[in-house]
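Here's the structure we're looking at; comments come further down.
Keep in mind that this is a model prediction, so the values were computed, not measured. These values consider heavy atoms only, across backbone and side chains, with no hydrogens, waters or symmetry-generated copies.
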Amino acid sequence: MPTSETTDSEGSPRHAETRTDASTTDASAADTTAPENDDAGKAARRSDRRAVAAIVGVLLLATGGLVGYGLLGSGDEPERPTVPTAAVTYEVLGSGTADISYLGEGEGAEAGRADVARGASLPWKKTVRVPLGKQPIVNIVLGAEGGQATCKLAVDGRHVQLSTATGAYGRVTCGSELSAPEGAGTSPGGER
């Protein structure tokens, strides 16, 4: 406990104990620290609010960017123009098996690459969409055992060609031409 020096009525120094009540000390300490704790709490809450606002802002910007990207597109790939096509039916009649190559559909057909069916059981039939301006064609090669196979080609349901192969390793081809769409590959005078 703190002590203080005082003098008595005769002027002699005397030591006196000063007592303070613990509840008074605690209350006064609480009064002095409470505003500091309150200010610190308010600052912490403000800091938390700012952090939440920053996170929400970042999320909104990211969402807006993704939506904008989806609406505007990436711009990396230009849209491919639609190529007009015709329905082409390839048909191979006969018995046994044969290797069949034909102009299919999609990017392979646009590039002029053939699709191949190796050892296909006969009879065989396939309908595909071939781009106008390309030449639909089907090639047949019989196996070592030979036999007979007939190819048929139809464009938009109209039969165009029929050919037959016979014997060991017999070969036959059926083909046609599809006119290019009007204006494609022509000069202003209409010449190709």
Side-chain angles (χ1 to χ4, degrees), residues 52 54-192:
V52 168
I55 291 171
V56 168
V58 167
L59 289 174
L60 287 174
L61 284 173
T63 303
L66 290 173
V67 168
Y69 179 79
L71 293 176
L72 301 176
S74 67
D76 291 343
E77 283 188 41
E79 215 173 287
R80 294 181 63 178
T82 304
V83 177
T85 60
V88 175
T89 301
Y90 304 113
E91 189 171 3
V92 180
L93 304 173
S95 61
T97 62
D99 289 342
I100 303 168
S101 60
Y102 59 96
L103 183 64
E105 58 189 341
E107 290 180 14
E110 290 176 24
R113 290 190 306 264
D115 290 341
V116 179
R118 299 210 182 274
S121 295
L122 302 181
W124 178 89
K125 185 175 183 177
K126 181 106 178 165
T127 300
V128 295
R129 304 282 316 170
V130 175
L132 295 181
K134 298 295 178 183
Q135 183 178 6
I137 191 167
V138 60
N139 294 308
I140 304 166
V141 178
L142 297 172
E145 63 279 346
Q148 181 175 341
T150 301
C151 65
K152 292 170 110 179
L153 181 85
V155 176
D156 289 329
R158 186 175 51 90
H159 285 282
V160 194
Q161 189 173 18
L162 175 82
S163 294
T164 302
T166 57
Y169 302 106
R171 296 172 180 261
V172 68
T173 300
C174 289
S176 181
E177 288 207 25
L178 295 178
S179 300
E182 285 187 35
T186 59
S187 65
E191 297 174 6
R192 287 192 181 239

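The shortest non-hydrogen separation linking E105 to D115 is N-OD2, 4.3 Å. The shortest non-hydrogen separation linking A165 to G170 is CB-C, 4.0 Å. Scanning both residues, S163 and V172, for their nearest heavy atoms gives CB-CG2, 3.1 Å. For the pair C151 and T173, the tightest heavy-atom approach, listed with the atom from each and the gap, is SG-C, 3.9 Å. Of all heavy-atom pairs between A168 and A144, the closest is CB-O, 3.4 Å. What you find for K152 and C174 is that their closest heavy atoms are N-SG, 4.1 Å.
Residue S176 holds its OG atom at 5.5 Å from CG of L153, rounded to the nearest 0.5 Å. Atom-to-atom distance recorded for D156:CG and T89:OG1 is 8.5 Å, nearest 0.5 angstrom. In this structure, the separation between CD1 on I140 and OG1 on T150 is 7.5 Å, given to the nearest 0.5 Å. Here CG of L103 is found 8.5 Å from CD1 of I137. Values are rounded to the nearest 0.5 Å. The CG atom of D99 sits 10.5 Å away from atom OH of Y169, with the distance rounded to the nearest 0.5 Å. Between the CD atom of Q148 and the CG atom of L142 there is a distance of 9.0 Å, given to the nearest 0.5 Å.
Considering only heavy atoms from C-beta on, I100 comes within 4.5 Å of L122 through its side chain. The side-chain heavy atoms of V130 and Y90, taken from C-beta on, include a pair separated by under 4.5 Å. In this structure, P123 and K125 have side chains that are not in contact, with every pair of non-hydrogen atoms separated by 4.5 Å or more.
Partner of L60 under the side-chain contact (heavy atoms from CB on, under 4.5 Å) criterion, out of T63, V56, V58: V56 alone.
For Q135, the CD atom counts as densely surrounded, since its 6.0 Å shell holds more than 12 non-hydrogen atoms of other residues, nucleotides or ligands. Other residues, nucleotides and ligands place more than 12 heavy atoms under 6.0 Å from the CZ atom of R129.
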